[in-house]
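Worksheet: the structure to be examined is printed underneath.
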2 protein chains.
Amino acid sequence: MSPAEQPQPHRTADVRRPTLNAVAARAGVGRGTVSRVINGSPKVSARSRAAVEQAIAELGYVPNRAARSLATRRTDAVALVVPDAGTRLFSEPYFSGIIRGVSTGLAGAGMQLLLVLTGDEKEHGRLAAYLAAHRVDGVLMMAVHGDDTLPDRLEELAVPTVLAGRRSDRERLGHVRADNRGGARLAVRHLLAGGRRSIGTITGPLDMDVARARLEGYREALREAGVAVADDLVAAGDFTEEGGRLAMRELLRRHPELDAVFAASDVMASGAVLELRAAGRRVPHDVALIGFDDSIVARHIDPPLTSVRQPLEEMGRTMASLLLEEIAHCGTGRREVVLPTELVVRASA
Amino acid sequence: MSPAEQPQPHRTADVRRPTLNAVAARAGVGRGTVSRVINGSPKVSARSRAAVEQAIAELGYVPNRAARSLATRRTDAVALVVPDAGTRLFSEPYFSGIIRGVSTGLAGAGMQLLLVLTGDEKEHGRLAAYLAAHRVDGVLMMAVHGDDTLPDRLEELAVPTVLAGRRSDRERLGHVRADNRGGARLAVRHLLAGGRRSIGTITGPLDMDVARARLEGYREALREAGVAVADDLVAAGDFTEEGGRLAMRELLRRHPELDAVFAASDVMASGAVLELRAAGRRVPHDVALIGFDDSIVARHIDPPLTSVRQPLEEMGRTMASLLLEEIAHCGTGRREVVLPTELVVRASA
DNA sequence: ATGCCGCGTGGGAGCGGTCCCACAGGGCGA
DNA sequence: TCGCCCTGTGGGACCGCTCCCACGCGGCAT
């Protein structure tokens with residue numbers, strides 16, 4: 001029995017996969033032609049193309065990514081950078097929704113998604129170098145802080161970058177965000193339509209653009225209804241439950257007659273509910289409450305929370321397509337996209 | 001002015017990064033030696049090593065991953081496959097916790113994490129081929145269903161694989177899971193210690209190993225306390241809120257005197273709460289309730305839910321190290337690891 | 001018939017690493 | 001003194017793809 005006839009050990013992973021060369025040989029054409037077919041070049045005759053496609057199918061050929069990447073100096077991969085310091089972020093529907101959109105948006109283009117969790121913003125120096133060195137074609141960043149320097153570094157290194165949300169209203173990088181201002185306006189209009197007149201708001205940290213935009217929307221809605229905008233109806237929170245609680249307490253102290261609150265996040269609203277309950281106010285009977293994000297807590301707190309929903313999956317898809325565009329056109333056309341928000345009415349208002 | 005002196009356009013990304021060759025030249029050694037230093041080979045003299053290290057530092061050299069991958073036939077990347085059909089999965093702390101653990105576990109080994117969301121189990125055929133073709137060094141799978149064929153395919157293709165949770169008690173693939181049985185036991189013991197005697201349980205789908213294990217733990221705890229285990233105190237849920245609600249209704253119908261319930265997930269427990277409230281039972285006064293997962297809803301429903309917590313981050317880290325081991329030792333030593341659970345006591349029991 | 005154009009095409013030369021073979025040179029025993 | 005081994009070392013030959021140059025060949029105008 002010749003060695004060739006011996007049964008091979010069962011180690012399929014070590015079996016050499018067919019190469020482009022093998023396809024060329026089988027199709028009876030040159031390597032160049034196969035490459036052209038794979039990359040969709042128009043300069044291939046119909047018969048060569050057919051022969052190549054058949055050979056590919058017969059051999060089950062799949063291009064080797066590393067080899068292509070080495071030759072083209074592209075990686076066909078983008079990194080999704082998720083700051084994960086506060087454990088909470090990742091588990092929000094915000095993230096899962098956006099990630100899902102990103103994933104579908106990239107899959108269509110044959111791009112791989114590299115997940116990079118970064119605990120500490122201090123590593124962002126190394127991180128930028130890392131990303132540049134490993135030549136990801138682009139970077140998507142979630143939850144960027146106003147003072148985060150990673151985006152700037154990436155810009156210097158000319159790495160195409162798209163952010164989820166902007167750092168400020170002077171953001172130079174491409175980004176996608178929800179219409180925070182419009183969403184807040186919807187919420188407050190709803191409260192006004194319900195006959196509420198003494199409407200407070202619990203804001204996020206005002207060094208964050210989202211927080212400012214939502215506050216802005218609150219003010220606009222009041223203004224357009226001809227209701228006076230009192231500064232002491234605004235209490236600053238920090239997007240945490242405890243912060244929402246404290247802000248609510250402060251609002252009640254300043255305005256015991258308060259009959260509605262717009263909280264800039266569901267989590268803060270859930271804190272507010274606790275405080276309202278402790279103060280003996282019923283929701284929504286005494287005080288109507290609206291949150292923002294339509295997160296998982298909104299559906300589960302008592303009473304279920306009316307909230308502003310963002311089109312998360314679409315935001316993710318849009319981020320993906322903006323990035324692909326930026327990669328293709330090499331930095332031109334970095335744009336911003338604002339997607340509409342929607343009010344989800346539940347029992348709390 | 002010669003062309004060379006003209007200011008370059010600002011496109012840092014196109015600047016050729018230093019190669020291994022450049023390092024060798026600068027250090028005055030051969031390419032082989034540089035390669036050895038980078039890969040930590042012991043057969044390098046101290047002076048060569050020092051020279052190379054200095055050259056690397058001076059040039060800011062970082063190895064090109066694609067080139068290495070092409071030469072070694074490894075990718076230094078693993079895929080994390082997340083079935084995302086039910087939008088809920090990703091947003092559970094379960095996922096974020098495990099992903100964080102996986103991320104830290106892999107980062108230490110210089111492995112990249114490829115995120116692959118798969119909506120439809122029907123694509124798993126293509127997916128296996130895809131993963132094999134792109135030569136990820138290994139695969140991590142979350143939330144595997146008992147009938148999922150992807151793990152088997154990967155095993156056939158000899159792709160190192162580690163699962164989060166097992167498909168059945170005859171799982172052949174390496175996996176990491178929490179001590180579900182022990183956790184359930186803890187929960188039911190706590191109910192017994194609180195003086196409850198008529199304790200029902202809402203199970204998950206019994207074709208899933210977690211659901212069976214948690215039911216088993218429930219039974220064990222009753223048995224060890226000498227309490228009779230009645231089959232009609234067991235109601236099947238499906239890990240959804242609505243399922244929990246219906247199961248609760250059924251339990252109340254069968255056993256109006258019920259004074260405690262162990263639900264095999266927080267989400268089902270949150271459904272049970274709604275049903276209990278509708279039936280006029282107070283939690284925990286009339287009926288004590290314990291959930292499983294210590295998920296985000298546990299903290300936010302009313303009353304806050306006593307629940308069983310799994311060491312998610314450690315599970316993730318363990319998955320990473322199991323996988324790295326399997327990759328290194330080429331398939332040997334696929335093991336299972338069971339990590340302890342913990343009862344988090346809140347107001348509901 | 002002759003030149004020219006242009007489409008398809010084959011294949012050489014990289015891309016930047018790793019692997020491994022061959023070989024230099026110093027220390028040692030015979 | 002001569003061979004021997006053994007440690008470090010340099011560099012050729014790939015890995016599998018893309019890029020691009022050069023060339024064959026048919027159709028068209030001259």
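When reading the values below, keep in mind they use all heavy atoms of this one structure, side chains included, and skip hydrogens, waters and symmetry mates.
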message: One character per nucleotide, please: for nucleotides 13-25 of chain D, 5' to 3', B when the base has a protein heavy atom closer than 4.0 Å, S when only the sugar-phosphate does, - otherwise.
response: B-BBBB-B-----
task: Starting from the C-alpha separation in whole Å, work towards a yes-or-no answer on salt bridge (Lys or Arg N to Asp or Glu O under 4.0 Å) for A:R335 and A:E326.
output: CA-CA 9 Å; A:R335 301 182 288 136; A:E326 211 166 288; over 6 Å; no
- prompt: Going through the distances and angles, do A:V78 and A:L323 end up as a side-chain contact (heavy atoms from CB on, under 4.5 Å)?
  reply: CA-CA 9 Å; A:V78 310; A:L323 186 62; 3.7 Å; yes
message: Looking at B:R31, is its backbone amide N or carbonyl O close enough to the side chain of B:S35 to form a donor-acceptor pair, meaning the two atoms are under 3.5 Å apart?
response: no
message: Strictly distance-based, threshold 3.5 Å: is any side-chain N or O of B:Q112 a donor or acceptor partner for the main-chain N or O of A:L114?
response: no
message: Any side-chain to backbone donor/acceptor pair from B:D148 onto B:L150? Under 3.5 Å, distance only.
response: yes
message: Test: side chain to side chain donor-acceptor pair (under 3.5 Å). Region: residues 61-71 of chain A. Which pairs qualify, not counting sequence neighbours?
response: A:R65-B:H134
- prompt: Is any side-chain nitrogen or oxygen of B:T33 closer than 4.0 Å to OP1 or OP2 of D:dG8?
  reply: no
field: Set of salt bridge (charged side-chain N to carboxylate O under 4.0 Å, His left out) partners for A:R74, sequence neighbours left out
entry: A:D76
- prompt: Of the non-hydrogen atoms in B:P151 and B:L173, which two are nearest, and what is the gap between them?
  reply: CB-CD2, 3.6 Å
query: Taking 5' to 3' order, which nucleotide of DNA chain C is first and which is last to have an atom within less than 4.0 Å of a heavy atom in chain A?
result: C:dG8 to C:dG16
Touch class at under 4.0 angstrom, heavy-atom based, for A:S48 against every strand present: sugar-phosphate
- request: Apply salt bridge (charged side-chain N to carboxylate O under 4.0 Å, His left out) to A:D152 and list each qualifying residue two or more places apart in sequence or on a separate chain.
  value: A:R167, A:R172
- prompt: If we fit an axis to the first five pairs and another to the last five of the helix from C:dA1-D:dT30 to C:dA30-D:dT1, what angle do they make, to the nearest 10°?
  reply: 60°
query: Among A:I98, A:V116, A:I99, which residue meets the side-chain contact (heavy atoms from CB on, under 4.5 Å) test with A:L80?
result: A:I99
